[in-house]
Asks: 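One structure follows; several queries about it will come next.
In this text, all values refer to a predicted model and were calculated from it rather than measured experimentally.
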Amino acid sequence: LGSALCELLGPGALPVDRSILPLDEPASIGPALEMLRPDAIINCGAYVAVDKAEQESELCFRTNADSPAAMAATCERLDIPLVQISTD
């Protein structure tokens, strides 16, 4: 999804992967966004291994709840628009 959006948005879009914004590490979200200072964020990242979610419930929660919450808080503080994409 992220790659398709970057293609649609063109050269103004900056694809950011787990090496820059590790969604399994919520404490890293604020500092990464402060460094990047994007104009806006479309968060397409999520834990999507449905079959493993019960076994990896903590990782799933960090990725799908804690990190987006940290992202929203940082975006609010820095006045950055945030779009959170979710399939559920």
Asks: Could you please spell out the steps behind the side-chain contact (heavy atoms from CB on, under 4.5 Å) verdict for T74 and L82?
Replies: CA-CA 10 Å; T74 302; L82 170 64; over 6 Å; no

Asks: Determine, using the 4.5 Å side-chain heavy-atom cutoff (strictly less than), whether L5 and I80 are members of one ILVMFWY cluster.
Replies: no

Asks: Same cluster or not: L14 versus M35, using hydrophobic residues (I, L, V, M, F, W, Y) connected whenever any side-chain heavy atoms lie under 4.5 Å apart?
Replies: yes

Asks: Looking at every heavy atom in both I85 and C44, which two are closest together, and how far apart are they?
Replies: CD1-SG, 4.0 Å

Asks: What pair of heavy atoms forms the shortest contact from S67 to E25, and how long is it?
Replies: OG-C, 4.1 Å

Asks: Can you sort out the partners of E34 under side-chain hydrogen bond (donor to acceptor under 3.5 Å, both in side chains), two or more places apart, ordered by chain and number?
Replies: R77

Asks: How far apart are the closest heavy atoms of Y47 and C60, and which atoms are they?
Replies: CD2-SG, 3.6 Å

Asks: More than 12 heavy atoms of other residues, nucleotides or ligands under 6.0 Å from CG of D39: is that the case?
Replies: no

Asks: Among N64, L59, D66, T63, which residue meets the side chain to side chain contact (heavy atoms under 4.5 Å, CB included) test with L23?
Replies: T63

Asks: Please name the pair of heavy atoms, one in P22 and one in I29, separated by the smallest distance, quoted to 0.1 Å.
Replies: O-CD1, 3.9 Å

Asks: Indicate the atoms forming the closest heavy-atom contact of A13 with P15, along with that distance.
Replies: O-CD, 3.6 Å

Asks: Are L21 and L78 joined in one hydrophobic group, where the rule is that I, L, V, M, F, W and Y side chains link up if heavy atoms are under 4.5 Å apart?
Replies: yes

Asks: So does Q55 have more than 12 non-hydrogen atoms from other groups sitting under 6.0 Å from CD?
Replies: yes

Asks: Membership question, hydrophobic clusters at under 4.5 Å side-chain separation (ILVMFWY): are I20 and I42 in the same one?
Replies: no

Asks: Let me confirm one number: the CD-CD distance from E56 to E58, rounded to the nearest 0.5 Å.
Replies: 10.5 Å

Asks: To the nearest 0.5 Å, tell me how far S28 OG sits from L33 CG.
Replies: 9.0 Å

Asks: Which heavy atom of R62 sits nearest to which heavy atom of P68, and what is that distance?
Replies: O-CD, 4.4 Å

Asks: Between V16 and I41, is the side-chain contact (heavy atoms from CB on, under 4.5 Å) condition met? List the steps.
Replies: CA-CA 10 Å; V16 177; I41 295 173; over 6 Å; no

